[in-house]
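The structure under discussion appears below in the form of structure tokens.
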2 protein chains.
Amino acid sequence: MRRKNLDLATLELVANTFKILAVPVRLLILQQLQNGEKSVSQLCGDIATSQPNISKHLKILYGASLVDKRQVGNSVYYEITDPLVHKLCDLVCSGIQKQLNRKIRVFSTLSKSQPKKSKTGRRVS
Amino acid sequence: MRRKNLDLATLELVANTFKILAVPVRLLILQQLQNGEKSVSQLCGDIATSQPNISKHLKILYGASLVDKRQVGNSVYYEITDPLVHKLCDLVCSGIQKQLNRKIRVFSTLSKSQPKKSKTGRRVS
DNA sequence: TAACTATATAACCATACTATTATATAATGG
DNA sequence: CCATTATATAATAGTATGGTTATATAGTTA
């Protein structure tokens with residue numbers, strides 16, 4: 001599959017999207033929003049950090065068009081704009097999973113070849 | 001589609017992967033490697049930054065298992081470990097594309113409704 | 001072994017970014 | 001109009017990170 005080379009400006013946009021997703025608290029927020037909108041105070045109930053911190057990160061997510069917002073009375077409800085976010089996280093997760101599996105495979109190979117067994121087949125400490 | 005909530009530790013892993021991809025130079029490197037391995041000096045020829053900088057970023061990519069390396073004589077060849085990287089970039093690009101399209105649509109709607117035309121149908125400055 | 005090439009590391013600076021605390025703004029209810 | 005609730009902003013401090021320059025390491029060749 002041939003892929004076009006992106007110019008620096010475009011890569012900077014891409015990098016910027018990744019940067020937005022590179023902060024655990026923001027992923028927590030997006031995770032909380034994955035099944036529908038939530039208000040700031042609801043998010044504060046779910047995530048262990050200060051309210052100003054949550055508001056700040058929401059602002060960043062909003063600035064990147066990753067979430068929309070809508071005000072109802074006193075409250076502001078945020079929701080995810082584009083399911084892209086979850087696709088990205090899923091992909092990364094699957095990548096991490098693969099890496100883990102590789103490590104587990106290596107480890108189990110090592111532990112199969114190394115351990116000395118007694119004649120009964122039981123492991124020996 | 002129901003999705004499991006990831007614990008903080010896992011989200012930190014995910015965030016970390018995103019962080020690695022959040023730097024334009026690193027994306028440039030990965031882009032250069034998308035059609036096969038290249039040595040550090042080849043990368044230096046393609047990317048406008050210092051050799052130590054490239055080596056440093058390669059080390060980071062290697063540490064994250066995003067690239068493998070192999071030494072041949074004096075040179076070290078790096079290659080991409082997992083096509084995941086490009087899938088991620090493609091997704092982000094498509095997201096950016098969608099945003100752009102949205103903006104273009106809005107813009108063209110505005111410019112259709114606003115401009116005053118002269119009786120000849122030409123635009124008026 | 002000396003000179004040369006390729007890559008990696010170290011030290012440094014400048015910048016950017018996150019989390020906290022305190023405060024401001026805005027909507028609601030009495 | 002005041003008190004309360006919900007959200008946003010400002011200021012600060014601490015940390016992390018990218019890029020540069022200089023230097024070290026290691027392989028190659030004469």
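Values in this document were obtained by computation on a predicted structure and should not be read as measured data. Numbered from 1 within each chain, the chains take letters A, B, ... in sequence-line order.
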note = CD1 of B:I47 to CG of B:L28, rounded to nearest 0.5 Å, is 5.0 Å
[N] [atom2] sits how many Å from [X] [atom1], rounded?
X: B:L58; N: C:dT7; atom1: CG; atom2: C1'; result: 10 Å
X: B:F18; N: D:dA16; atom1: CZ; atom2: P; result: 22 Å
X: B:L61; N: C:dT7; atom1: CG; atom2: C1'; result: 16 Å
X: B:R70; N: C:dA6; atom1: CZ; atom2: P; result: 17 Å

Distances for protein N/O vs nucleotides 26-30 of chain C N/O pairs under 3.5 angstrom?
unit_1: C:dA27; atom_1: O4'; unit_2: A:N74; atom_2: OD1; d: 3.4

inquiry  = If you define the side chain from C-beta out and look only at heavy atoms, does anything of A:L21 sit under 4.5 Å from A:L30?
reply    =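 Yes, their side chains come closer than 4.5 Å.
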Contact check, side chains of B:N5 and A:Q32, non-hydrogen atoms, under 4.5 Å =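 Of all side-chain heavy-atom pairs linking A:Q32 with B:N5, at least one is under 4.5 Å.
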ask   = D:dT5 phosphate, OP1 or OP2: any side-chain N/O from A:S75 under 4.0 angstrom?
value =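 No.
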Between [X] (side chain only) and [Y] (backbone N and O only), is there a donor and an acceptor less than 3.5 Å apart?
X: B:Q31; Y: A:L6; value: yes
X: A:R26; Y: A:I20; value: yes
X: B:Q71; Y: B:G73; value: yes

task = Determine the minimum heavy-atom distance between A:S55 and A:V40, stating which atoms define it.
result = OG-CG1, 4.0 Å
Review item, nucleotides 17-24 of chain C N/O atoms under 3.5 Å of protein N/O:
unit_1: C:dT18; atom_1: OP1; unit_2: A:R26; atom_2: NH1; d: 3.2
unit_1: C:dT18; atom_1: OP1; unit_2: A:R26; atom_2: NH2; d: 2.9
unit_1: C:dA19; atom_1: OP2; unit_2: A:N53; atom_2: OD1; d: 3.4
unit_1: C:dA19; atom_1: OP2; unit_2: A:N53; atom_2: ND2; d: 3.2
unit_1: C:dA19; atom_1: OP2; unit_2: A:H57; atom_2: NE2; d: 2.6
unit_1: C:dA19; atom_1: N7; unit_2: A:K56; atom_2: NZ; d: 2.7
unit_1: C:dA19; atom_1: N6; unit_2: A:K56; atom_2: NZ; d: 3.3
unit_1: C:dT20; atom_1: OP2; unit_2: A:T49; atom_2: OG1; d: 3.1

ask   = For B:E79 and B:L33, what are the C-alpha separation, side-chain angles and deciding distance, and is it a side-chain contact (heavy atoms from CB on, under 4.5 Å)?
value = CA-CA 6 Å; B:E79 71 176 350; B:L33 297 181; 5.9 Å; no
query = Looking for any heavy atom pair under 4.0 Å, which part of the strands does B:Y78 touch: base, sugar-phosphate only, or nothing?
reply = sugar-phosphate
